[in-house]
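Heads up: the structure comes next, in structure tokens.
Quick note on labels: first sequence line is chain A, next is B, and so on, each numbered from 1. Predicted model, so just to flag it, every value in this text is computed and none were measured.
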Protein chains: 2
Amino acid sequence: MARWEPDARGRLRRAALDLYDERGFEETTVQDIADRAGVTERTFFRHFADKREVLFDGSGQLEEAIVSAVRASTADDALTMALDGVAGSAGFFDGRMEWATRRARIIDAHPALRERELLKLSTLSAAIAETLRGRDVSDAEASLVADVAVALFRGAFQRWIGGGGADFAACLRSTLDDFDVLARSSGVRSAE
Amino acid sequence: MARWEPDARGRLRRAALDLYDERGFEETTVQDIADRAGVTERTFFRHFADKREVLFDGSGQLEEAIVSAVRASTADDALTMALDGVAGSAGFFDGRMEWATRRARIIDAHPALRERELLKLSTLSAAIAETLRGRDVSDAEASLVADVAVALFRGAFQRWIGGGGADFAACLRSTLDDFDVLARSSGVRSAE
DNA sequence: TCCGGTGATGACAGTTGCTGTCATCGCGTG
DNA sequence: CACGCGATGACAGCAACTGTCATCACCGGA
């Protein structure tokens, strides 16, 4: 056991979420977060690249889970592979409903945080596309399909946050159903 | 005539682009830009919200042009209206090829700038969606169609930048053709 | 003609995000 | 017991951004 308390990173994550929630993102200084976590400001920046990144600490794992699921998919068309990937993220949110809700509310309220989220989603889309290319999908199709998959992921996430406690997998299924209906009514039609 | 030189905003815009190009974005300080433009740092921040925004000065006009074109479209389905909107942006880039190329190179090289670009595109998509809703398109379809239109806009822009001098409208047509081909091969098929 | 309002700017101090650097301290290893 | 390693503290410093007040040309009305 070290002389300093372990899990400084986790304490910083929790302190940041709480403070952003209580006072607002701009009204919270990194010094405030560090104080509440019992470390110095410098230690905050050793764990997180900047003041926003602390809210996106799990994004690497999420991306890894999705990419693995794409790689493991037994489907033989690109869209289904990508959707299998998104489905592979369901476990990531188990028991994190309250955390995800508070986090989403904070992010939506601040353009600076929305920027960062868009960048993460863009990175995720690129990672999915790259994985699809590794499975013999053409460049253009890989990008397009990855974008669609991420859009559906966002839709499912929104539904999960806003809905009445259904689990993420169910929300994803509903979102896919709506997508099918919409695609038909929009002048494109799903293949058999 | 004022005692100060007019068009400080334009000089700042040009100075910033030149300096970001010559030295790189992070290596350029706002003081550098202000010096070259012959104003103070404070004046820079009166014209632009932050160091990144100076590269996105035209985005409001672009959005306005696209939204107007959506409003003016005589099409009767949402996707065609949105694509008419994107087509309405063609004139915006006339004679700005070199500017757009340098700007795109700078933005692609810096995550902080890519973030801002993603936010602008997200805002654009929201504006298109809102306009479609005003033309009796359902909520969900408006968002989806707007996202697709923005994706195609990005594709056309990429082609215009990378291609050999074709005009933007031609690039947009090629991108739409590819999209049709891709949609057919991806398991969806365009309606007649 | 003078006079007050307006709009763009300069000057300057202050806060905060973020970085570089060096010292410290406990822990494991040989 | 010495040594290196990893996580942290301490501190100086730069650059982004903001608030505030003064200045000065211009413009419209009395």
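Taking 4.5 Å as the limit, some side-chain heavy atom of B/Phe56 sits within range of a side-chain heavy atom of B/Ile107.
In this structure, B/Glu53 places its CD atom 16 Å from P of D/dA16, rounding to the nearest Å. Atoms CZ (B/Arg9) and P (C/dG7) sit 16 Å apart, rounded to a whole Å. Rounded to an integer number of Å, the gap from CD of A/Glu41 to C1' of D/dA12 is 13 Å. As a whole-Å value, the separation of B/Lys51 NZ from D/dC14 C1' is 12 Å. The interatomic distance linking A/His110 (NE2) with C/dG17 (P) rounds to 13 Å, in whole Å. A straight line from CD of A/Glu5 to C1' of D/dG9 spans 16 Å, rounded to a whole angstrom. The nearest whole Å value for the distance from the CG atom in A/Leu19 to the P atom in C/dT16 is 14 Å. Atom CG of A/Asp32 and atom P of C/dT16 are 8 Å apart (whole Å).
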Practice problem: Take B/Lys120 and B/Glu117 through the salt bridge (charged side-chain N to carboxylate O under 4.0 Å, His left out) test and state the conclusion after the steps. | Solution: CA-CA 5 Å; B/Lys120 296 292 182 187; B/Glu117 176 152 85; over 6 Å; no
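Within the structure, salt bridge (Lys or Arg N to Asp or Glu O under 4.0 Å) contacts touching residues 85-104 of chain A (residues at least two apart or in different chains) are A/Asp18-A/Arg102, A/Asp21-A/Arg102.
Side-chain contact, B/Glu64 with B/Ser68: a donor N or O sits under 3.5 Å from an acceptor N or O.
Applying the side-chain contact (heavy atoms from CB on, under 4.5 Å) test between A/Leu19 and each of A/Glu27, A/Arg14, A/Arg36 identifies A/Arg36 as the sole match. Of the residues B/Phe92, B/Phe153, B/Phe93, the one that meets the ring-ring contact (aromatic ring centres under 6.0 Å, His included) test with B/Trp160 is B/Phe93.
Comparing atom distances between the A/Arg42 side chain and each of C/dG10, D/dA10, D/dA15 picks out D/dA10 as nearest.
Residues from residues 43-50 of chain B lying near DNA chain C, meaning a heavy-atom separation below 4.0 Å, are B/Thr43, B/Arg46, B/His47 in numerical order.
Along DNA chain C, the nucleotide nearest A/Thr28 and the nucleotide nearest B/Thr40 are compared for position; the residue whose nucleotide lies closer to the 5' end is B/Thr40.
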